[in-house]
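Notes follow the structure.
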Amino acid sequence: MQHSIWRRFLAFAAVLFLAGSIWITQSSNAYAYDNPELLPDTPTPVVDLAKSLNSIQEEKLVKDFEQFEADTGWKLRVLTQYDRTPGRAVINFWGLDDKSVLLVADSRGGNILSFSVGDAVYELLPRTFWIELQTRFGNLYFVREQGEDQAILQAMETVKTCLLQGGCGVVPGLPREQWILTLITSTIGGIICGLAAQPRREGEVIAWQWALIFSPLWGILFLAFGIGPVVTRTSDWLPVIRNVAGFCIGALVAYLSLIFSRSTPSAES
């Protein structure tokens, strides 16, 4: 009995010791991650602690941000970091307010980009815009092909363009990967439409009733996920024509598949 009590006591003490050591370690790390000494003495809109930009890119970005702020009043700021970060000290250093956009680039995560946006900016660029912007330029595939510098530069150039336009609901431009996804959804929508329109009675050419019943499904795939993302991101008609062609081909193949399946047994007999 005494041995059981002592074992429980030792286990409880070990748990307390482990929890205390974790708390002490995390407390010191949190303190280290709020270090204003990492910030430069002179004011600058770009603090490149991770050296993601070369000197020419950084100098050009600083001039662009300063001119953009003087012309429009919007504050654009960039912070790159790796093992250490100034933390919340950047708020006072840059005087971040409701008209500020801060991009933080940190290559330690799965997505290197994160944004801190003022309330006034959300009126022109909604939260979904920032999620798409982060996903498009901050993902590992884009960084691997284009580099961290291009992820930062292209993301901030997109923000500048949208603010000058008076706002954007989505990120402008249609990457090839996103267009392929819209083409796939358009084709799947066509297949569903074609299957629903197959005749089910003698003498019937097209089952319009079934096609209409399934219209919410193939309509969402074709219009909402196939055509909508294209027309909202680019004025080029070629992707639209291709998606319409994909829908028509998918519908035609699915519709004719029943005819071929019926004619094959009769031909064999």
Side-chain angles (χ1 to χ4, degrees), residues 110-111 113 115 121-142 145 154-155 158-159 161-269:
N111 192 301
L113 300 183
F115 296 91
V121 184
Y122 280 125
E123 298 178 2
L124 303 179
L125 307 175
R127 296 182 184 275
T128 53
F129 171 88
W130 299 103
I131 296 174
E132 183 180 354
L133 186 69
Q134 180 187 30
T135 304
R136 180 179 299 186
F137 297 111
N139 67 83
L140 294 179
Y141 298 102
F142 183 91
E145 293 179 0
Q154 293 188 36
T158 302
V159 173
T161 301
C162 286
L163 289 176
L164 289 175
Q165 292 177 355
C168 293
V170 296
V171 178
L174 186 67
R176 179 176 177 81
E177 297 79 8
Q178 189 172 14
W179 169 72
I180 292 176
L181 181 61
T182 62
L183 178 62
I184 292 173
T185 55
S186 299
T187 305
I188 295 175
I191 292 173
I192 295 174
C193 181
L195 292 174
Q198 288 179 346
R200 290 165 175 79
R201 297 192 299 265
E202 290 293 335
E204 188 179 40
V205 179
I206 297 177
W208 292 105
Q209 298 87 345
W210 286 100
L212 291 176
I213 290 174
F214 282 90
S215 61
L217 180 56
W218 61 259
I220 290 175
L221 289 171
F222 175 53
L223 298 176
F225 296 110
I227 299 299
V230 176
V231 297
T232 56
R233 288 167 174 80
T234 179
S235 58
D236 188 6
W237 283 98
L238 184 59
V240 177
I241 295 174
R242 289 174 174 173
N243 286 8
V244 172
F247 175 85
C248 295
I249 293 173
L252 185 61
V253 170
Y255 177 79
L256 295 177
S257 63
L258 179 64
I259 298 177
F260 289 130
S261 63
R262 287 178 178 176
S263 60
T264 301
S266 61
E268 291 178 353
S269 61

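Everything numeric in this text was worked out from a predicted model, so none of it was measured.
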Legend entry - Spacing of Trp218 atom CH2 and Thr185 atom OG1 [to the nearest 0.5 Å]: 14.0 Å
Legend entry - Minimum side-chain heavy-atom gap Thr128-Val170 below 4.5 Å: no
Legend entry - Residues in side-chain contact (heavy atoms from CB on, under 4.5 Å) contact with Glu123, at least two apart in sequence or another chain: none
Inset, instruction - Answer yes or no: is there a side-chain heavy-atom contact under 4.5 Å between Ile249 and Thr187? - result: no
Inset, instruction - Please report the closest heavy-atom contact between Pro126 and Cys168, naming both atoms and the distance. - result: CD-O, 3.3 Å
Inset, instruction - Enter the distance from Trp179:CH2 to Thr234:OG1 here, rounded to the nearest 0.5 Å. - result: 12.5 Å
Legend entry - Pi-cation contact, Phe142 with Arg136 (under 6.0 Å, within 45°): no
Inset, instruction - Using a 4.5 Å cut-off on heavy atoms from C-beta on, say whether the side chain of Trp237 contacts that of Val244. - result: no
Inset, instruction - Report the relative orientation of the aromatic rings in Phe115 and Trp130; use parallel for angles under 30°, tilted for 30 to 60°, perpendicular for over 60°. - result: tilted
Inset, instruction - Provide the closest heavy-atom pair for Val171 versus Arg233 in the form atom of the first, atom of the second, distance. - result: O-CG, 3.4 Å
Legend entry - Spatial distance of atom OG (Ser186) from atom CD1 (Ile191) [nearest 0.5 Å]: 11.0 Å
Legend entry - Spacing of Leu125 atom CG and Leu133 atom CG [to the nearest 0.5 Å]: 9.0 Å
Inset, instruction - Take Leu195 and Phe214 through the test side-chain contact (heavy atoms from CB on, under 4.5 Å) and record every step on the way to the result. - result: CA-CA 10 Å; Leu195 292 174; Phe214 282 90; over 6 Å; no
Legend entry - Exercise: identify the closest heavy-atom pair between Phe137 and Ala155: CD1-CA, 3.9 Å
Inset, instruction - Could you tell me the separation between the CG atom of Leu217 and the CD1 atom of Ile192, rounded to the nearest 0.5 Å? - result: 4.0 Å
Inset, instruction - For the residue pair Pro239 and Leu174, establish whether any side-chain heavy-atom pair is separated by less than 4.5 Å. - result: yes
Legend entry - Under 3.5 Å donor-acceptor, Asn243 side chain and Gly226 backbone: yes
Inset, instruction - State whether the side chain of Glu204 and the backbone N or O of Pro199 hold a donor-acceptor pair below 3.5 Å, judged by distance alone. - result: no
Legend entry - Point-to-point distance, once rounded to the nearest 0.5 Å, from OH of Tyr255 to CD1 of Ile206: 5.0 Å
Inset, instruction - Locate the shortest heavy-atom distance separating Ser257 from Gln198; write the atom from each residue and the value. - result: OG-NE2, 3.2 Å
Legend entry - For the student: nearest non-hydrogen atoms of Phe129 and Cys162, plus distance: CE1-SG, 3.7 Å
Legend entry - Closest non-hydrogen atom pair, Leu183 against Arg242: CD1-O, 3.6 Å
